[in-house]
Each structure stands twice: as structure tokens, then as C-alpha cells.
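Below you'll find the structure, written out as C-alpha cells, and then a few comments.
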Amino acid sequence: MNKLKRTEIFTRLRHDNPHPATELEYTNPYQLLVAVTLSAQATDVGVNKATRALFQKVRTPQALLKLGETGLKEYIKTIGLFNTKARNLIAAARILVREHNGEVPATREALEALPGVGRKTANVVLNTAFGQPTIAVDTHIFRVSNRTGIAPGKNVNEVERRLERCVPEAFRQDAHHWLILHGRYTCVARTPRCGSCTIEDLCEYRHKTEL
DNA sequence: ATCCCGAGGG
DNA sequence: CCCTCTGGAT
């Protein structure tokens, strides 16, 4: 896909989503870290329900340690992988209190050193909590990139590299949100809503029979 | 059956 | 690079 076409796509996606930062319910670093950690292999609806209840009581790593692993599981027991997530979040809270003064670090290295925090979660925290020009390639962005032809790749790492190469830093933070929102509401996994898609004429999907 | 705003390990 | 983990939704 050429640069002109890609630029036009992002222009339209921006028009579709004028306030991209509202995509996530939380921008507070710690709440964001917890919410994104819980979101692995879980629906956003289920995660948002759990975090809304949890954050009534817990907004800091200190508060989470007070709640304890068993207490935490009560809030997230309907979410996939909740045993692992609870264990990781407690372990991460200990590190935050002991090594980072109870604050969420703003560097990729420190973030990814936390149990349960990988590249995707670190990128979201850097993007949304700390305003860094990262693109966190989740399943939505991976699908949209490949289906449309914006930045196709075999795996998430390749898609991330290609996106960072073709999206200028100046609007990379917003582009991350445009892509996710497009994937969630229009370019959905099973049955994409091409009828209401504003970039259909530029999308490579209609020329294929799969993906 | 397949997918969901992944991480960790083989 | 690919698999598995695990619960709910579609």
C-alpha cells in the first residue's frame, strides 16, 4: 500500500473518532496498568465491569496488597486466566511499592520487568498514561492492519515495526486509538461491517476472500 | 468452534 | 516463532 492511500485512511479514521482518548476508561497509570493486565484473553465488557467494582476500593498498589490475592480473585473470578492475573498483580504491586515508591514507572524496561506486564501492556501505559508515541498492537490492530493492508505482518512484532515506520510520531499516539476503535466497532473479527465502513474503497479486504 | 485490547515459556 | 493457559461471549 502506498503512502498517499495510507494517509487518506488515517485521515478518515481520525474523522470517525474525533476524541480517541476516551476509548479506555482509565488514564491513571496504576488503574490503567491493572485494567490492561486483566484484559488479556478477556472481553472489554467483562474487564470494565470488574475494574469498576475493584477500583471503588483499590486505586494504589498499597491498597491492592491490603486487599490480598484472595480478595482480588473475588473481583476478577469471572475473567479468563484470573488465577495467574491475581498472582501477577500482587507480585507487581510488591515491586512497585518496594522499588518504585508505589508509583508506576514510565520506562519500557521497568514496566516489562513487572510480572504479567509484557510489550502490549507496557505500550498502552506508555501511550495513554505517559503520552509516549507507542502503538500497542493488540488483536484488533493486528486484524485491521492485515485485513486492510495498512501494515500487514505475520505476527504482532512485525505489525508493530511496520506501523511505527509508516505512522509519524506526531500522531502515533492517536493512531493507536483510531485503529483499535475501528477494529472494535467496524472491522470486527467474525463479520466485518463493511457496509458502514468509511475506508472500504481503500481496503484490500474486499479484493480477497479470506482473513 | 472461534475470538476476546496477552504473557511467558518452549 | 508458536503454543498454552483459562473463562465468557458469540
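Order of the sequence lines fixes the chain letters, A, B, ..., with proteins taken first and strands second; residue numbering starts at 1 for each chain. What you see is a predicted model, and the numbers here were worked out from it, not measured in a lab.
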Round to a whole Å and report the spacing from [atom1] of [X] to [atom2] of [N].
X	N	atom1	atom2	result
L33(A)	dG6(B)	CG	P	15 Å
F142(A)	dC4(B)	CZ	P	11 Å
L89(A)	dA7(B)	CG	P	12 Å
K85(A)	dC5(B)	NZ	P	11 Å
N157(A)	dC1(C)	CG	P	8 Å
D44(A)	dC3(B)	CG	P	17 Å
H140(A)	dC4(B)	NE2	P	6 Å
I135(A)	dG6(B)	CD1	C1'	18 Å

Side-chain-base donor-acceptor pair under 3.5 Å for K120(A) and dC5(B):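 Side chain to base: pair found, below 3.5 Å.
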Going by ring-ring contact (aromatic ring centres under 6.0 Å, His included), name the residues that satisfy it together with F142(A), two or more places apart in sequence or in a different chain.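 Scan of F142(A) (ring-ring contact (aromatic ring centres under 6.0 Å, His included), adjacent residues dropped) gives none.
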Would you call the rings of F10(A) and F171(A) parallel, tilted or perpendicular, taking 30° and 60° as the class edges?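 F10(A) vs F171(A) ring planes: perpendicular.
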In chain order, what residues pass the side chain to side chain contact (heavy atoms under 4.5 Å, CB included) check against E160(A), with sequence neighbours excluded?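 Partners of E160(A) by the side chain to side chain contact (heavy atoms under 4.5 Å, CB included) criterion, ordered by chain and then number, come out as R119(A), N123(A), V137(A), E164(A).
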Base, sugar-phosphate, or nothing for [X], non-hydrogen atoms under 4.0 angstrom?
X	result
G46(A)	nothing
V117(A)	sugar-phosphate
T121(A)	sugar-phosphate

Please check: side-chain N/O of T51(A) versus main-chain N/O of N48(A), any donor-acceptor pairing under 3.5 Å?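 Such a contact is found between T51(A) side chain and N48(A) backbone.
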I'd like to know if the side chain of H176(A) and the backbone of A136(A) have a donor-acceptor N/O pair within less than 3.5 Å.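 A pair under 3.5 Å: yes.
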Among residues at least two apart in sequence or on other chains, which ones pass side-chain hydrogen bond (donor to acceptor under 3.5 Å, both in side chains) with N88(A)?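 For N88(A), no residue satisfies side-chain hydrogen bond (donor to acceptor under 3.5 Å, both in side chains) once neighbours in sequence are set aside.
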If only side-chain N and O atoms of R143(A) are considered, is one of them under 4.0 Å from the OP1 or OP2 phosphate oxygen of dC4(B)?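 For R143(A), the contact criterion (side-chain N or O under 4.0 Å from OP1 or OP2 of dC4(B)) is met.
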Close N/O contacts between protein and nucleotides 3-5 of chain C (under 3.5 Å):
none

P spacing across the pair dG10(B) / dT6(C), given as an integer number of angstrom: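 Nearest-Å result for dG10(B) against dT6(C) at atom P: 16 Å.
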Sticking with atom P, work out how far dC1(C) lies from dC5(B), rounded to a whole angstrom.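 Roughly 25 Å separates the two P atoms.
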Pairwise side-chain hydrogen bond (donor to acceptor under 3.5 Å, both in side chains) hits with a residue in residues 67-79 of chain A, at least two apart: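 Listed once each, the pairs are K73(A)-N83(A), E74(A)-K77(A).
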To the side chain of R184(A), which of dC4(B), dC5(B), dG7(C) is closest?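 That would be dC5(B).
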Pairwise N/O distances under 3.5 Å, protein to nucleotides 8-10 of chain C:
unit_1	atom_1	unit_2	atom_2	d
dT10(C)	O2	R190(A)	NH2	3.4

Just one of V144(A), I199(A), L179(A) clears the side chain to side chain contact (heavy atoms under 4.5 Å, CB included) bar with C187(A), so which one?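 Of all the options given, the one that passes is V144(A).
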Between N155(A) and A42(A), which is nearer to the 5' end of DNA chain C once each is assigned its nearest nucleotide?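 Looking at the nearest nucleotide for each, N155(A) comes out on the 5' side.
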Residue met sooner reading DNA chain B from 5', once V188(A) and N88(A) are mapped to nucleotides: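 Closest to the 5' end, via its nearest nucleotide, is V188(A).
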Of all heavy-atom pairs between R147(A) and C203(A), which one has the smallest distance, and what is that distance?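 For R147(A) and C203(A), the tightest heavy-atom pair comes out as O-SG, 3.9 Å.
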Apply the test side-chain contact (heavy atoms from CB on, under 4.5 Å) to residues V156(A) and D138(A): give CA-CA distance (whole Å), side-chain angles for both, the deciding distance (0.1 Å), then the verdict. CA-CA 8 Å; V156(A) 290; D138(A) 60 8; over 6 Å; no
